[in-house]
Novice: 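Here it is, the structure, as structure tokens.
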Amino acid sequence: MPKITLPDGNNLEFSKAVSGLEVAEKISKSLAKQAMVISVDDELKDLNFLIEKDCRLKIFTAKNEEGLDTIRHDTAHILAMAVQELFPGTQVTIGPVIDNGFYYDFARKDPFTEEDLKKIENKMREIVDRDETTKREVWDRDKAINHFRKKGEIYKAELIESIPKGEEVSIYFHGDWHDLCRGPHLTSTGKIGKFFKLTKVSGAYWRGDSKNEMLQRIYGTSWATQKDLDEHLKRLEEAEKRDHRKLGKEMNLFHFREESPGAVFWHEKGWILFQKLIDYMRMKQNIAGYKEINTPEVLDRTLWEKSGHWEKFGANMYTSTTPDEKVFAIKPMNCPGCIEVFNQGLKSYKDLPLKMSEFGKVHRYEPSGALHGLLRVRAFTQDDAHIFCTEDQITEECLVVTNLILEIYKDLGFENVILKYSDRPELRVGDDRVWDKAESALLKAVKATKLEYSINKGEGAFYGPKIEFVLRDAIGRDWQCGTLQVDFNLPGRLGATYVDKDGTKKVPVMLHRALFGSLERFIGILIENYAGKFPFWISPIQTVVIPISEDFEDYSNKVSKKIKEAGMSSIVDLKNHNLNYKIREHSLAKIPILVICGKKEVDTNSVTIRRLDSSKQENMKLDLFLKTFSALNKVSSN
RNA sequence: GCCCUUGUAGCUCAGCUGGUAGAGCAAUUGAUUUGUAAUCAAUAGGUCCGCGGUUCGAAUCCGUGCGGGGGCACCA
């Protein structure tokens with residue numbers, strides 16, 4: 001006699017056990033048709049799940065996340081089915097749902113090719129057309145293990161072995177094909193629809209461990225409607241257009257080359273951008289009371305041994321042996337150098353908090369496969385700073401840093417920021433009592449920011465816990481940028497002290513923080529966020545002055561000079577091309593303002609401007625133009 | 001680092017199953033002096049990523065190294 005409570009609070013009573021589908025039918029025909037999956041007391045179940053006792057029931061369609069995820073999960077299964085039909089002997093492993101789709105990992109000797117993907121996709125559609133009914137069975141553990149072992153599915157057998165004893169081992173059938181799976185699944189293969197696409201093949205380690213063998217992963221995307229699928233593919237295309245590597249080349253900002261993988265060759269325009277960001281950050285940090293310093297790039301091995309980097313970070317460090325047989329390391333971090341500056345001269349508690357900033361270029365040997373344009377490099381410049389303070393000051397200082405970061409991100413067009421808090425990693429220095437202190441002080445600050453945060457267990461730096469600032473860009477992607485770390489370890493290891501009120505020497509706590517994180521990376525993110533169309537104030541070339549014909553070159557030169565005198569950048573295009581050509585060329589180069597000078601302008605001492613992405617012509621007196629755009633050239637105007 | 005894939009002119013790319021390279025744009029020169037997204041013509045431009053091998057002959061096939069891309073692992 002199950003009594004079923006629906007989300008709207010209404011109850012339905014049945015005289016005998018009913019399936020989720022039957023309940024849906026009772027509610028409405030259309031719901032029954034659209035239903036994908038149900039939850040019974042918040043636990044997801046198949047539509048055919050037999051409800052025997054009182055419960056809370058929700059019915060999900062493709063419009064719900066639960067329904068869509070089930071479609072994706074089923075698509076992954078059908079992918080596995082198709083692969084095993086086409087390539088007998090291929091072993092199946094796992095096939096979970098991910099953002100926007102799913103993947104499935106296979107064990108097979110020969111690699112899958114792009115053509116194979118097409119074949120598999122066609123086979124998948126065939127299986128959808130076959131509309132095979134789904135059947136769920138619960139098997140005995142040992143029976144299941146033996147069954148899959150005998151089939152040659154050693155990975156599956158291993159998976160079942162790792163299911164905790166006492167948990168159900170459920171096997172799902174689509175026709176004869178069957179697979180170990182927790183479920184839930186749709187009632188038949190026809191229910192999935194055909195709004196899926198296999199997107200890429202790649203390698204992936206079994207159980208995500210690089211010590212294990214590599215499997216072949218096929219990625220796919222799957223949706224409830226053709227429209228959703230098309231929109232998703234369009235979004236991917238859109239993201240590709242913004243790729244900073246592509247735009248960096250097109251806009252002549254930077255390049256990479258074989259001689260130094262993962263290190264940027266900045267061209268003039270990119271370097272202007274880089275310098276503008278540094279100028280801006282320097283201005284903000286001056287106001288916030290930071291003192292800028294600079295420390296050597298190459299430092300003796302003994303310093304890195306003392307700091308702990310040699311042991312804990314050595315695998316990522318570049319080293320150099322000099323002709324006199326000394327070993328130096330190229331700095332992978334700025335902190336030891338900064339502490340050495342702190343150590344010069346006596347410091348008093350009255351000096352704390354002491355904030356020392358450094359635009360330090362660091363080198364880290366990253367695995368070759370990790371490199372990715374400006375976003376993951378081996379040599380980069382941090383907008384680094386170290387704040388020496390007392391324990392009591394930690395939380396307050398963390399809050400001050402957070403506010404500064406939010407202000408800066410906002411100026412650069414990012415309003416949406418979340419935090420990631422990471423606590424002690426396995427590989428670390430310092431004892432656990434110290435870590436307890438550091439973690440609780442930082443977590444307190446995290447909570448005080450009132451921002452949304454997540455916790456990453458075990459992902460802190462080797463010397464202290466950290467928070468990372470993640471910003472969301474114009475097309476909804478998340479990027480990790482700034483970082484803030486509490487460090488009770490390094491100052492002590494490198495002998496930093498201050499004289500406290502009572503006249504004794506104490507070891508300060510150090511906060512490490514970088515707001516952009518890496519200038520290189522941040523510029524990559526900026527390029528993608530703005531699709532190369534930077535706000536006026538950071539645009540590397542702000543104006544191009546175009547004379548209508550040779551007769552107006554003098555006037556154009558004069559206008560360009562005035563623009564530069566007003567603090568903006570400007571070039572004059574004197575090439576032998578017509579106006580249309582130049583408009584097109586500079587628009588494609590994403591110049592924010594084109595300044596056109598012809599007879600009319602000379603006669604009235606004015607300019608006609610054309611803003612990027614607008615075909616409107618705006619004529620204005622030269623003075624007004626200079627005034628208007630000088631104002632726009634200030635950060636606060638954005 | 002691992003799996004797959006890829007490397008031709010400054011850029012984007014073509015070059016079928018082996019017969020030492022082509023286009024468009026850009027560049028240079030000349031003509032044209034242009035009013036809001038490509039004026040016309042001519043010229044020049046390549047160690048086909050490096051190194052080995054197979055072959056009478058290699059951009060093309062094989063091996064290897066390096067780089068790029070997509071993932072995995074890594075992101076301290």
Side-chain angles (χ1 to χ4, degrees), chain A residues 98 103 105-106 108 110-114 116-117 199-219 240 243 245-246 249-250 252 255-262 308-309 311-317 332-333 362 364-373 375-378 422 425-429 456 458-464 466 468 480 483 485 517-518 521 546-553 574-589 594-601 608-619:
Chain A
I98 51 173
Y103 65 76
D105 287 349
F106 300 95
R108 174 178 180 241
D110 299 320
F112 291 114
T113 63
E114 292 294 318
D116 289 340
L117 283 196
T199 49
K200 55 195 168 198
V201 219
S202 81
Y205 296 108
W206 168 235
R207 304 214 146 169
D209 189 333
S210 58
K211 288 197 276 297
N212 290 342
E213 57 276 33
M214 186 149 277
L215 307 172
Q216 293 188 63
R217 175 170 298 178
I218 298 179
Y219 283 92
E240 217 170 290
D243 191 311
R245 293 165 300 185
K246 182 169 161 271
K249 197 188 262 181
E250 275 172 23
N252 194 14
H255 83 277
F256 289 93
R257 54 192 310 111
E258 282 189 26
E259 293 97 319
S260 190
H309 285 84
E311 192 194 340
K312 310 288 180 189
F313 203 72
N316 293 290
M317 286 163 68
M333 297 188 195
V362 296
R364 300 180 183 180
Y365 182 78
E366 302 284 357
S368 59
L371 303 179
H372 182 95
L375 301 181
R376 191 81 185 272
V377 286
R378 285 182 175 157
S422 305
E426 252 169 63
L427 201 60
R428 60 178 181 264
V429 294
N456 288 7
E459 292 190 9
F462 75 80
Y463 44 73
K466 66 177 177 188
E468 270 149 354
Q480 189 175 302
T483 174
Q485 302 160 4
S518 131
R521 183 177 160 77
I546 305 173
I548 295 273
S549 78
E550 275 173 2
D551 295 344
F552 313 109
E553 284 182 4
L574 298 176
K575 288 207 200 85
N576 185 6
H577 277 128
N578 63 28
L579 182 60
N580 279 333
Y581 183 92
K582 291 181 183 180
I583 298 248
R584 178 180 153 81
E585 188 186 36
H586 299 301
S587 296
L588 290 175
L594 302 184
V595 181
I596 308 337
C597 298
K599 180 162 193 310
K600 189 170 81 192
E601 288 75 17
T608 297
I609 65 162
R610 176 180 167 124
R611 296 172 202 252
L612 185 56
D613 283 339
S614 160
S615 53
K616 211 169 83 191
Q617 297 177 37
E618 297 174 61
N619 183 266

Novice: Kindly write out the residues that satisfy side chain to side chain contact (heavy atoms under 4.5 Å, CB included) with A:Leu427, not counting sequence neighbours, or none if the list is empty.
Specialist: A:Lys312

Novice: Holding to salt bridge (charged side-chain N to carboxylate O under 4.0 Å, His left out), I want the full list of residues that pass it with A:Glu550, two or more places apart in sequence or in another chain.
Specialist: none

Novice: I'd like to check the ring-ring contact (aromatic ring centres under 6.0 Å, His included) partners of A:Tyr205; sequence neighbours left out, ordered by chain and number.
Specialist: none

Novice: Tell me every residue that passes side chain to side chain contact (heavy atoms under 4.5 Å, CB included) with A:Lys600, counting only those two or more places apart in sequence or in another chain.
Specialist: A:Thr608, A:Asn619

Novice: Applying side chain to side chain contact (heavy atoms under 4.5 Å, CB included), name anything that partners A:Asp110, two or more places apart in sequence or on another chain.
Specialist: A:Arg108

Novice: Could you work out, with salt bridge (charged side-chain N to carboxylate O under 4.0 Å, His left out) as the rule, every residue matching A:Glu553, not counting sequence neighbours?
Specialist: none

Novice: Rounded to whole Å, how long is the line connecting atom CD of A:Glu114 with atom P of B:rU5?
Specialist: 9 Å

Novice: Reckon A:Lys600 touches a base, only the sugar-phosphate, or nothing at all at heavy-atom distances under 4.0 Å?
Specialist: base

Novice: What is the distance, to the nearest angstrom, from the CD1 atom on A:Ile546 to the P atom on B:rU33?
Specialist: 19 Å

Novice: Could you list the residues that satisfy salt bridge (charged side-chain N to carboxylate O under 4.0 Å, His left out) with A:Asp243, not counting sequence neighbours?
Specialist: A:Arg245

Novice: Residues two or more places apart in sequence or in another chain: which of them pass side chain to side chain contact (heavy atoms under 4.5 Å, CB included) with A:Glu468?
Specialist: A:Lys420, A:Ser422, A:Lys466, A:Gln480, A:Thr483

Novice: Between protein and nucleotides 71-76 of chain B, map the contacts as a letter string: B base, S sugar-phosphate only, - none, heavy atoms under 4.0 Å, written 5' to 3'.
Specialist: BBBBBB

Novice: So what does A:Thr113 touch, heavy atoms closer than 4.0 Å: a base, only the sugar-phosphate, or nothing?
Specialist: nothing

Novice: Is A:Glu618 salt-bridged to A:Arg611, cutoff N-O under 4.0 Å?
Specialist: yes

Novice: Rounded to the nearest Å, what distance is computed from the CD1 atom of residue A:Ile609 to the P atom of nucleotide B:rG35?
Specialist: 20 Å

Novice: Please list all pairs meeting side-chain hydrogen bond (donor to acceptor under 3.5 Å, both in side chains) that have one or both residues in residues 577-588 of chain A, counting only residues at least two apart or in different chains.
Specialist: A:Asp573-A:His586

Novice: Starting from P on B:rA37, measure out to CZ on A:Arg611 and report it in whole angstrom.
Specialist: 17 Å

Novice: Between A:Asp110 (CG) and B:rC3 (P), how many Å, whole number?
Specialist: 15 Å

Novice: On a whole-Å scale, what distance lies between the P atoms belonging to B:rA9 and B:rA14?
Specialist: 12 Å

Novice: Hey, what are the protein-to-nucleotides 39-45 of chain B N/O distances that come in under 3.5 Å?
Specialist:
residue: B:rU39; atom: OP2; partner: A:Asn578; partner atom: OD1; Å: 3.2
residue: B:rU39; atom: OP2; partner: A:Asn578; partner atom: ND2; Å: 2.7

Novice: Measure from CD on A:Glu550 to P on B:rU34 and round the result to the nearest Å.
Specialist: 10 Å

Novice: Would you mind classifying the nucleic acid contact of A:Leu588 as base, sugar-phosphate or nothing, using non-hydrogen atoms under 4.0 angstrom?
Specialist: base

Novice: Once you apply a heavy-atom cut-off of 4.0 Å, does A:Glu601 come out as touching a base, just sugar-phosphate, or nothing?
Specialist: base

Novice: Please tabulate, one pair per line, each protein N/O and nucleotide N/O from nucleotides 11-14 of chain B that are separated by under 3.5 Å, including the distance.
Specialist:
residue: B:rU12; atom: OP1; partner: A:Lys249; partner atom: NZ; Å: 3.0

Novice: Just to confirm, is there a sub-4.0 Å distance from OP1 or OP2 of B:rA26 to any side-chain nitrogen or oxygen of A:Arg584?
Specialist: no

Novice: Determine whether A:Arg378 and A:Ser368 make a side-chain contact, defined as any pair of heavy atoms from C-beta on separated by less than 4.5 Å.
Specialist: yes

